[in-house]
Amino acid sequence: MARTKRKKKRGGLFVKLLLLMLVAGAGYYAWTWYEQRGWRPDEDVYPDQGAMIGEADGAVNFTVLKGLGANFVYLEASRGARGKDANFSRNLEAAREAGLQVGAVHLFDPCETADGQSANYVTIVPRDADLLPPAIRLSRTTEECFERVSDAAVQSELLTLVNQIEAHTEAPVVLSPSEAFEDRYRPARRLERALWLDGDMAEPDYAGRPWTVWTANSAYASDAAETPLRWLVVRP
């Protein structure tokens with residue numbers, strides 16, 4: 001019986017230690033989440049800061065965003081060969097009225113050809129020398145495609161899309177690969193274009209060369225919108 005009691009006691013201590021570890025872990029993640037909500041890089045180090053805005057962000061007050069220290073925004077414009085951001089034109093006008101520089105983002109779909117995607121882009125994004133360099137967001141991979149698409153085909157269509165968008169805008173694109181996309185298709189190593197990389201509260205280095213634009217906080221809470229925004233900085 002004494003041996004059984006000792007086993008029960010040890011078991012109770014183990015459960016208590018486990019609970020303490022779980023509570024400590026939950027507290028750490030809660031603190032990290034709270035800390036991230038209002039965090040952005042030091043403006044003395046990175047004076048050129050802004051946000052990425054899309055339809056999912058809802059109504060955004062660009063005047064407030066400007067007052068918070070943003071001097072530019074990138075607006076989601078087109079997705080693949082058919083998708084368009086319903087708020088793009090309205091956001092473009094409002095951002096300019098607030099005194100912000102504006103760029104347009106295309107969300108690349110590896111399941112579709114470049115021709116359809118570039119045609120979609122040019123129907124919504126005007127040829128305007130005052131726009132910031134166009135950006136191509138690279139996050140989807142071919143796992144979601146209905147038919148098999150080779151890695152070589154993705155790389156080829158991306159290069160074609162880059163050339164087509166640059167012909168429309170007369171400006172070099174900014175490539176924005178996620179870490180998973182970069183690991184698989186290596187756009188940063190294959191195409192000599194400026195890079196826009198992701199890294200919450202930590203400078204990203206997964207592309208093998210320096211970033212030009214950094215998504216420093218993917219969930220920045222502010223008075224400019226009801227939902228958290230993606231906060232960006234530009235390398236000085």
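Note that the coordinates shown come from a computational prediction; the quantities given were computed from them, not determined experimentally.
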Under 4.0 Å between a Lys/Arg side-chain N and an Asp/Glu carboxylate O for [X] and [Y]?
| X | Y | answer |
| --- | --- | --- |
| Arg79 | Asp109 | no |
| Glu182 | Arg189 | yes |
| Asp128 | Arg96 | yes |
| Asp200 | Arg230 | no |

Ring geometry between Phe181 and Phe108 (parallel below 30°, tilted from 30 to 60°, perpendicular above 60°):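 Rings of Phe108 and Phe181: perpendicular, as their planes differ by over 60°.
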Give me the ring orientation class for Tyr46 and Trp211: parallel if the planes are under 30° apart, tilted from 30 to 60°, perpendicular past 60°.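 Aromatic pair Tyr46/Trp211 classed tilted.
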About how many Å separate CZ of Arg82 and OG1 of Thr123, when rounded to the nearest 0.5 Å? 12.5 Å
Within this structure, what is the CG-OG distance for the pair Asp198 and Ser178, rounded to the nearest 0.5 Å?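 One gets 7.0 Å once the value is rounded to the nearest 0.5 Å.
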Donor-acceptor pair, distance only, cut-off 3.5 Å: does the side chain of [X] make one with the backbone of [Y]?
| X | Y | value |
| --- | --- | --- |
| Glu157 | Ala114 | yes |
| Asp85 | Ser78 | no |
| Asn61 | Val64 | yes |
| Glu112 | Ala81 | yes |

Examine the side chains of [X] and [Y] and answer whether a donor and an acceptor come within less than 3.5 Å of each other.
| X | Y | result |
| --- | --- | --- |
| Gln164 | Asp115 | yes |
| Arg184 | Thr142 | yes |
| Lys84 | Asn120 | yes |
| Arg40 | Tyr220 | yes |
| Trp196 | Thr215 | yes |

Which pair of non-hydrogen atoms, one from Pro172 and one from Pro133, has the smallest distance, and what is that distance?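 Taking every non-hydrogen atom into account, O-CB, 3.4 Å.
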Provide the closest heavy-atom pair for Tyr206 versus Pro177 in the form atom of the first, atom of the second, distance. OH-O, 2.7 Å
Flag yes if Leu75 and Leu131 sit in one hydrophobic cluster, no otherwise; membership is Ile, Leu, Val, Met, Phe, Trp, Tyr, and two members link when side-chain heavy atoms are under 4.5 Å apart.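 Yes.
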Can you see whether Trp214 has Arg235 sitting over its ring - NZ or CZ less than 6.0 Å from the centre and within 45° of the normal? no
